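Predicted model only: the values in this text are computed from it and were never measured. We number each residue from 1, following the sequence as shown.
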Amino acid sequence: EFMVSARGRTLPQWEQRKRDAGDEWEQLYQGHPQPPGGNRFLVDKLRYWHLSRDGAGIVCGSNTWRIFDDCWRYITMDTATTKRTASDYTVASAWAITPDNSLVLLDVARAQTTEDEQLELARPLVEKWRPECTWIEPSMRTTLLVRQAIAEGWHLDDLKADTNKLVRAAPATRLVK
């Protein structure tokens, strides 16, 4: 419920913040934090990996997979459109799916960027991990990032973000073993 704000925020401002927070309102503002993984990714199932000695394999426990021969690699991008202090971050994440269907987070690049800086944020991940595709929300199709990526030969696919984050994460939770 609304409380008098020491910062002078009004009830309409509080209601707007609640709408903007969406599914994260309880965790961020109501003192009901979730454990790491948000009860979706079971923490006891998460494992660390490292590169093999030759740098061509992913070693995770007793398993070793050749990154470019055995694994299907892709990048996801969640873009922000402004570089204001309060703006969201643009995040590019490189992923691999191993032969046993384990999901491996290979790399993350995260920054508050302007639209013309987004390609440069993702470029090191594309060059290092050579993904089969990069997934971007369809609403970004007309942006400078997409035009530049296509001009450079990146394979782009639509990442349909038509539901909330929890629903979108559900398929990935099955791949965390």
Side-chain angles (χ1 to χ4, degrees), residues 17 19-25 27-28 34 36-38 40-41 43 46-52 54-60 65-98 101-173 175-176:
R17 181 167 298 254
R19 281 191 299 276
D20 291 346
D23 294 336
E24 296 174 350
W25 175 255
Q27 294 87 357
L28 293 174
Q34 296 288 319
R40 296 295 182 256
F41 294 96
V43 175
L46 299 177
R47 299 168 291 164
Y48 288 96
W49 64 272
H50 63 274
L51 288 175
S52 60
D54 66 1
I58 297 171
V59 179
C60 187
W65 300 286
R66 307 303 286 174
I67 297 170
F68 301 110
D69 297 328
D70 301 333
C71 300
W72 189 76
R73 297 158 328 281
Y74 62 95
I75 289 178
T76 56
M77 286 201 66
D78 183 8
T79 59
T81 56
T82 65
K83 197 176 180 177
R84 295 185 327 244
T85 306
S87 72
D88 200 2
Y89 284 77
T90 294
V91 180
S93 302
W95 303 88
I97 297 179
T98 65
N101 281 330
S102 291
L103 179 64
V104 178
L105 176 60
L106 298 170
D107 211 342
V108 175
R110 177 181 180 268
Q112 289 179 307
T113 63
T114 57
E115 185 178 356
D116 62 326
E117 298 168 325
Q118 291 173 340
L119 187 77
E120 293 311 312
L121 179 73
R123 183 186 312 281
L125 274 63
V126 170
E127 290 172 354
K128 181 176 183 178
W129 301 109
R130 301 190 319 253
E132 275 84 6
C133 71
T134 298
W135 286 343
I136 297 178
E137 291 184 29
S139 62
M140 301 306 294
R141 278 289 176 184
T142 60
T143 64
L144 179 62
L145 164 70
V146 169
R147 290 192 305 272
Q148 290 174 327
I150 290 172
E152 291 192 18
W154 295 14
H155 175 82
L156 302 179
D157 279 328
D158 288 341
L159 176 65
K160 294 184 175 74
D162 56 355
T163 56
N164 70 42
K165 292 177 184 177
L166 298 178
V167 173
R168 291 193 311 260
T173 62
L175 298 177
V176 176

**Q** In Å and rounded to the nearest 0.5 Å, what is the CH2 to CD1 distance from W154 to I75?
**A** 6.5 Å
**Q** Taking it one step at a time, do W95 and T76 satisfy side chain to side chain contact (heavy atoms under 4.5 Å, CB included)?
**A** CA-CA 8 Å; W95 303 88; T76 56; 3.1 Å; yes
**Q** Which heavy-atom pair separates L125 from A94 by the least distance, and what is that distance?
**A** CD2-N, 3.7 Å
**Q** Taking the side chain as every heavy atom from C-beta outward, state whether R66 and D54 have any atom pair closer than 4.5 Å.
**A** yes
**Q** Which heavy atom in G55 sits nearest to a heavy atom in I67, and how many Å separate them?
**A** O-CD1, 4.2 Å
**Q** Please confirm whether the backbone N or O of L106 pairs with a side-chain atom of W49, one donor and one acceptor, at under 3.5 Å?
**A** no
**Q** Taking the side chain as C-beta and beyond, is there a heavy-atom pair between D157 and Y74 under 4.5 Å?
**A** no
**Q** Search all heavy atoms of K128 against all heavy atoms of F68 and return the closest pair with its distance.
**A** O-CZ, 3.5 Å
**Q** Using only atom types and a distance under 3.5 Å, with no angle test, would you say the side chain of E132 pairs donor to acceptor with the backbone of R73?
**A** yes
**Q** Do I58 and C71 have side-chain heavy atoms sitting under 4.5 Å apart?
**A** yes
**Q** Drop me the distance from E115's CD to Q118's CD, to the nearest 0.5 angstrom.
**A** 6.0 Å
**Q** Tell me if a side-chain donor or acceptor on R110 pairs with a main-chain N or O of V108 at a distance below 3.5 Å.
**A** no
**Q** In the structure I gave you, are the side-chain heavy atoms of W135 and S93 within less than 4.5 Å of one another anywhere?
**A** no
**Q** Could you check whether any side-chain heavy atom of E117 comes within less than 4.5 Å of a side-chain heavy atom of T90, counting everything from C-beta outward?
**A** no
**Q** Which atom names give the shortest non-hydrogen contact between A111 and L121, and what distance separates them?
**A** CB-CD1, 4.0 Å
**Q** Take L51 and V59, measure what side chain to side chain contact (heavy atoms under 4.5 Å, CB included) needs, and give me the verdict at the end.
**A** CA-CA 6 Å; L51 288 175; V59 179; over 6 Å; no
**Q** Is any side-chain heavy atom of T143 closer than 4.5 Å to one of T79?
**A** no
**Q** Tell me every residue that passes side chain to side chain contact (heavy atoms under 4.5 Å, CB included) with R147, counting only those two or more places apart in sequence or in another chain.
**A** L144
**Q** For E127, which residues count as a side chain to side chain donor-acceptor pair (under 3.5 Å) partner, sequence neighbours excluded?
**A** none
**Q** Show your reasoning for whether side chain to side chain contact (heavy atoms under 4.5 Å, CB included) applies to V126 and E152.
**A** CA-CA 11 Å; V126 170; E152 291 192 18; over 6 Å; no
**Q** If every non-hydrogen atom of D88 is compared with every non-hydrogen atom of Q112, which pair is closest and at what distance?
**A** O-CG, 4.0 Å
